[in-house]
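Source: prediction; values computed, not measured. Lettering of chains follows the sequences in order, A, B, ..., and the numbering in each one begins at 1.
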Amino acid sequence: GAVVSQHPSWVICKSGTSVKIECRSLDFQATTMFWYRQFPKQSLMLMATSNEGSKATYEQGVEKDKFLINHASLTLSTLTVTSAHPEDSSFYICSAAGDVSYNEQFFGPGTRLTVL
Amino acid sequence: GENVEQHPSTLSVQEGDSAVIKCTYSDSASNYFPWYKQELGKRPQLIIDIRSNVGEKKDQRIAVTLNKTAKHFSLHITETQPEDSAVYFCAALGRPGNQFYFGTGTSLTVIP
């Protein structure tokens with residue numbers, strides 16, 4: 001099946017620093033990648049949609065200057081949380097969609113971010 | 001955009017009983033509805049999905065029904081087992097970016 005990896009799986013950083021999270025599709029070409037944020041006991045909230053080679057489309061209320069998304073290749077998308085603050089602590093999950101299965105998204109294992 | 005509502009938020013059933021989770025959606029153009037199971041701290045796992053050209057789909061103990069007219073779809077789990085305990089999310093495929101909009105989740109507990 002289609003495999004999506006994320007790195008790192010967990011990260012702890014100081015307030016004010018920036019953190020980069022990578023999302024990779026390992027065995028298929030991901031034309032579209034999605035970034036979600038999930039707070040404890042809550043649902044997955046879509047942050048942005050990125051298509052390879054173009055700018056990401058952000059959901060309402062998500063600051064694009066704070067959450068920088070790059071989708072430079074068909075197998076890699078990165079999310080950079082800039083100037084992270086404790087309220088940014090969350091579980092960040094990416095998913096990828098491509099020519100593997102129509103409409104289906106394949107999720108990464110998630111990245112647990114804790115900002116001190 | 002699409003708005004997905006999910007009920008109930010928590011559900012407890014005795015082992016062997018059935019569990020039903022319901023979702024409604026707002027965008028009549030949505031045509032793909034997956035269901036995910038998520039265990040604590042892990043990624044969502046697709047358990048079943050349905051497209052708008054069918055009304056029901058079944059896979060062993062799991063079934064999903066779709067009513068396009070009423071814009072709601074349901075997950076049915078029969079003969080529940082303790083390992084079915086998890087959080088379940090429904091989703092609807094939105095337009096124009098093919099993004100998923102998730103329901104709020106249902107925490108299912110199967111009591112042995």
Side-chain angles (χ1 to χ4, degrees), chain A residues 1-7 9-10 23 25 30-52 54-62 69 71 90-114, chain B residues 1-11 21 23-25 27 29-54 57 64 66 73 86-109:
Chain A
V3 179
V4 176
S5 69
Q6 262 182 260
H7 178 79
S9 56
W10 59 272
C23 177
S25 58
T31 51
T32 307
M33 285 187 170
F34 305 87
W35 286 95
Y36 298 86
R37 180 168 51 182
Q38 186 176 33
F39 293 108
K41 297 187 178 181
Q42 293 188 23
S43 187
L44 288 83
M45 298 301 297
L46 180 66
M47 300 175 66
T49 302
S50 75
N51 292 294
E52 184 265 338
S54 61
K55 290 185 178 180
T57 301
Y58 290 80
E59 294 297 300
Q60 191 172 10
V62 178
I69 292 173
H71 191 169
S90 187
F91 193 49
Y92 291 86
I93 307 178
C94 71
S95 70
D99 55 1
V100 180
S101 177
Y102 183 64
N103 283 341
E104 189 172 349
Q105 293 182 23
F106 300 92
F107 285 86
T111 297
R112 174 75 59 192
L113 170 64
T114 301
Chain B
E2 176 68 278
N3 181 43
V4 179
E5 296 188 357
Q6 184 172 345
H7 300 279
S9 56
T10 59
L11 180 60
I21 303 170
C23 287
T24 61
Y25 61 99
D27 186 355
S30 293
N31 61 2
Y32 176 66
F33 307 93
W35 284 90
Y36 288 88
K37 176 183 180 182
Q38 187 180 30
E39 297 177 352
L40 190 63
K42 296 188 177 181
R43 77 184 85 193
Q45 297 279 1
L46 178 69
I47 56 172
I48 198 168
D49 57 11
I50 192 168
R51 303 187 191 280
S52 59
N53 58 345
V54 297
K57 183 177 178 180
V64 56
L66 171 66
F73 55 112
V87 179
Y88 291 80
F89 293 99
C90 63
L93 185 68
R95 294 282 182 244
N98 282 349
Q99 60 270 62
F100 285 172
Y101 291 97
F102 282 85
T104 48
T106 297
S107 178
L108 173 64
T109 302

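- If you check the side chains of Gln105(A) and Gln99(B), you find no donor sitting under 3.5 Å from an acceptor.
- Note: Phe102(B) and Tyr36(A) meet the aromatic proximity criterion, with ring centroids under 6.0 Å apart.
- The two residues Phe91(A) and Gln38(B) make their nearest non-hydrogen contact at CE2-NE2, 4.2 Å.
- In this structure, Phe34(A) and Phe100(B) have parallel ring planes: the angle between them is below the 30° cut-off, well short of the 60° mark.
- The main-chain N or O of Gly105(B) is never found under 3.5 Å from a side-chain atom of Ser43(A) such that the two would form a donor-acceptor pair.
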Can Gln45(B) and Phe107(A) be said to form a side chain to side chain contact (heavy atoms under 4.5 Å, CB included), step by step? CA-CA 8 Å; Gln45(B) 297 279 1; Phe107(A) 285 86; over 6 Å; no

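- For Gln6(A), no part sits under 4.5 Å from any heavy atom of chain B, backbone or side chain.
- Interface residue Pro44(B): backbone and side-chain heavy atoms are both found under 4.5 Å from chain A.
- Heavy atoms closer than 4.5 Å to chain A are found nowhere in Leu40(B), neither backbone nor side chain.
- Distance check, rounded to the nearest 0.5 Å: CD of Glu104(A) to CG of Asp49(B) gives 6.0 Å.
- Your options are Ser95(A), Pro40(A), Gly110(A), Gly108(A), and the one with the most heavy-atom pairs under 4.5 Å with chain B is Gly108(A).
- In terms of non-hydrogen atom pairs under 4.5 Å with chain B, the most contact-rich of Met45(A), Arg112(A), Glu59(A) is Glu59(A).
- Contact of the Val87(B) side chain with the Gln42(A) side chain is not registered, since no non-hydrogen atoms from C-beta on lie closer than 4.5 Å.
- Put simply, the side chain of Arg43(B) gets close to the backbone of Val4(A): a donor and an acceptor are under 3.5 Å apart.
- Using a 4.5 Å heavy-atom cutoff, the side chains of Phe89(B) and Gln38(A) are in contact.
- With chain A as partner, the option from Ala91(B), Pro34(B), Gly103(B) having the largest number of non-hydrogen pairs under 4.5 angstrom is Gly103(B).
- With a 4.5 angstrom heavy-atom cutoff, Leu44(A) touches chain B via backbone and side-chain atoms both.
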